[in-house]
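Presented below is the structure to which this report refers.
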Amino acid sequence: MKIYEKDNSVILEGVADFEPKHIFECGQCFRWIKEENGSYTGVAKGKILNVYREDNKIYLNNTNLEEFNSIWYNYFDLGTNYTEIKNTLKNMDEYLDKACDFGWGIRILKQDGWEMLISFIISSNNRIPMIQKAIENLSREYGKYIGQYNGKDYYAFPTPQELNKASQEEIRACQTGFRDKYIKSTAENIVTNNENISEYTNLNTDECIKQLLKFNGVGPKVGDCIALFGMQKYDTFPVDVWVKRVMQEFYVAEDMSLPKIRTFAIDKFGELAGFAQQYLFYYARELGIGR
DNA sequence: ATGCAGGCGCGCA
DNA sequence: TGCGCGCCTGCA
């Protein structure tokens with residue numbers, strides 16, 4: 001991989017397993033919005049970034065090499081060999097073989113744990129456009145203003161202290177619906193107990209999820225997503241309706257319960273369960289499998 | 001128009 | 001332990 005800086009952009013030439021559409025539309029993030037030219041603009045780590053692929057070049061716009069090295073290399077998990085991960089999964093069965101080819105450019109982003117906690121509480125029984133809107137509203141109302149990109153204003157995701165300044169009613173006014181009380185309770189819980197969610201990364205997967213389940217609004221599926229996307233717990237397997245459908249289509253009986261599907265998958269895919277989940281989810285949702 | 005979506009908490013056996 | 005139910009809100 002060749003990396004160089006040019007005109008406020010960092011260009012990655014010959015980077016393997018990197019496709020913006022796959023990365024930003026495989027269900028792991030809500031703040032990356034597709035632009036008319038097919039690029040994606042998002043906010044992470046308090047920075048605005050625009051990402052575009054042309055052939056074997058990835059353009060990271062609105063950044064520089066210093067920022068790339070300190071932030072984006074890690075955020076996009078560029079130190080992990082996804083070719084190797086896919087090869088292991090592809091050798092397991094024909095379904096993963098197809099799913100890995102289909103979502104060949106997926107990478108699991110290393111996102112902020114606190115942001116994932118609130119974002120996935122919002123995701124419960126909700127649709128992606130609504131989730132995106134709610135997170136955008138919360139950020140605009142309670143997060144710090146970062147700046148403009150292409151004439152649009154961008155705001156950082158609010159810290160626990162910033163979000164806790166909002167009342168339950170004000171949180172609901174941001175289109176969070178009945179999840180307002182979960183968000184308020186969680187923010188309050190973290191601020192009053194002076195908890196640092198990022199430390200959950202150091203716990204083992206079971207303990208990490210057990211701690212997450214203490215928060216109001218966090219159940220099995222949401223807890224798994226926070227652990228996988230915000231705390232690098234790759235040996236877990238979030239089962240949402242799409243994953244349930246694809247698992248029932250390919251692996252298990254129609255009447256198998258969600259917790260049993262989860263256990264089945266963790267046993268089967270082991271250390272790579274989280275990666276398998278992402279390839280299967282993207283495959284199922286894009287193709288409408290089991291709908 | 002009603003039913004339902006990338007679940008959760010609750011009440012009840 | 002396990003299940004059924006209601007829930008914001010927008011959209012088909």
Side-chain angles (χ1 to χ4, degrees), chain A residues 21-34 99 102-103 106 108-109 111 115-138 141 166-189 206 209-230 236-250 253-265 273-291:
Chain A
K21 179 180 163 63
H22 299 168
I23 293 172
F24 300 127
E25 295 185 20
C26 67
Q28 61 178 328
C29 54
F30 303 105
R31 295 209 73 189
W32 290 89
I33 310 297
K34 193 173 193 171
F102 185 78
I106 288 175
I108 298 186
L109 299 170
Q111 301 182 80
E115 182 175 337
M116 292 302 98
L117 174 57
I118 299 301
S119 297
F120 280 96
I121 286 175
I122 294 171
S123 81
S124 78
N125 191 233
N126 209 348
R127 299 175 186 216
I128 296 171
M130 285 300 295
I131 302 167
Q132 290 176 332
K133 200 185 292 177
I135 294 171
E136 192 182 312
N137 290 340
L138 287 174
E141 296 301 319
S167 66
Q168 185 180 320
E169 291 71 27
E170 288 168 327
I171 290 172
R172 178 170 286 221
C174 290
Q175 315 265 39
T176 54
F178 63 86
R179 308 155 196 87
D180 58 351
K181 51 189 175 294
Y182 304 151
I183 297 167
K184 183 62 198 172
S185 144
T186 297
E188 206 166 56
N189 187 337
D206 285 344
I209 291 168
K210 195 174 140 194
Q211 293 301 317
L212 288 168
L213 289 171
K214 290 185 314 188
F215 294 106
N216 206 356
V218 179
K221 189 270 175 183
V222 168
D224 274 338
C225 284
I226 301 163
L228 175 57
F229 303 131
T236 193
F237 193 86
V239 183
D240 57 46
V241 294
W242 286 105
V243 173
K244 185 185 78 139
R245 286 171 185 157
V246 71
M247 289 300 287
Q248 288 173 340
E249 185 86 10
F250 297 147
E254 279 287 324
D255 59 354
M256 188 181 273
S257 70
L258 268 58
K260 282 184 176 158
I261 294 176
R262 177 179 184 271
T263 309
F264 173 90
F275 298 97
Q277 193 269 4
Q278 286 291 274
Y279 292 113
L280 290 170
F281 171 85
Y282 185 71
Y283 188 60
R285 198 171 69 110
E286 291 291 310
L287 270 55
I289 289 173
R291 187 161 41 90

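In what follows, chains are A, B, ... by sequence order, proteins preceding strands, each numbered from 1.
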Quick one, give me the B/S/- string for nucleotides 8-13 of chain B, reading 5' to 3', where B means a protein heavy atom under 4.0 Å from the base and S means that only happens at the primed atoms, P, OP1 or OP2. SS----

Spacing of Leu109(A) atom CG and Cys29(A) atom SG [to the nearest 0.5 Å]: 5.5 Å

Nt span of DNA chain C in reach of chain A heavy atoms at under 4.0 Å, 5' end first, is dC7(C) to dG10(C)

Here the pair of heavy atoms bringing Phe237(A) nearest to Ala273(A) is CD1-O, 3.3 Å

Backbone N or O of Met116(A) within a donor-acceptor pair of the Gln111(A) side chain at under 3.5 Å? no

Using a cut-off of 6.0 Å, state whether more than 12 heavy atoms not belonging to Lys181(A) lie near its atom NZ. yes

Residues 211-220 of chain A, side-chain donor-acceptor partners within the protein, below 3.5 Å, at least two apart:
residue   : atom : partner   : partner atom : Å
Gln211(A) : OE1  : Lys214(A) : NZ           : 2.8
Gln211(A) : NE2  : Glu207(A) : OE2          : 2.9

Would Gln278(A) and Phe229(A) count as a side-chain contact (heavy atoms from CB on, under 4.5 Å) if you check the C-alpha gap in whole Å, the side-chain angles of each, and the deciding distance to 0.1 Å? CA-CA 11 Å; Gln278(A) 286 291 274; Phe229(A) 303 131; 3.4 Å; yes

The complete set of side chain to side chain donor-acceptor pair (under 3.5 Å) pairs with one or both residues in residues 119-129 of chain A, sequence neighbours excluded, reads none

Determine the sole option in Tyr282(A), Phe281(A), Tyr283(A) for which the side-chain contact (heavy atoms from CB on, under 4.5 Å) test with Arg285(A) is passed. Phe281(A)

Has Arg245(A) got a side-chain atom pairing as donor or acceptor with Ile289(A)'s backbone, closer than 3.5 angstrom? no

Classify the angle between the aromatic ring planes of Trp32(A) and Phe24(A) as parallel (below 30°), tilted (30 to 60°) or perpendicular (above 60°). parallel

Treat a base pair as Watson-Crick or G-U wobble with both distances under 3.5 Å, then lay out DNA chain B in dot-bracket form, 5' to 3', with | for cross-strand pairs. .||||.|||||||

With a 3.5 Å distance limit and no angle check, can you tell me whether Asn137(A) reaches the backbone of Cys174(A) through a side-chain donor-acceptor pair? yes

The correct set of residues in residues 273-289 of chain A placing a heavy atom under 4.0 Å from DNA chain C is none

Using the P atoms only, state how far dG11(B) lies from dC8(C), rounded to an integer number of Å. 16 Å

Could you tell me whether a side-chain N or O of Ser167(A) sits under 3.5 Å from a main-chain N or O of Glu170(A), the two making a donor and an acceptor? yes

Pairwise side-chain contact, Glu115(A) with Phe30(A), heavy-atom cut-off 4.5 Å (strictly under): no

Give the rounded distance in Å between these two atoms: CD1 of Ile261(A) and P of dG7(B). 13 Å

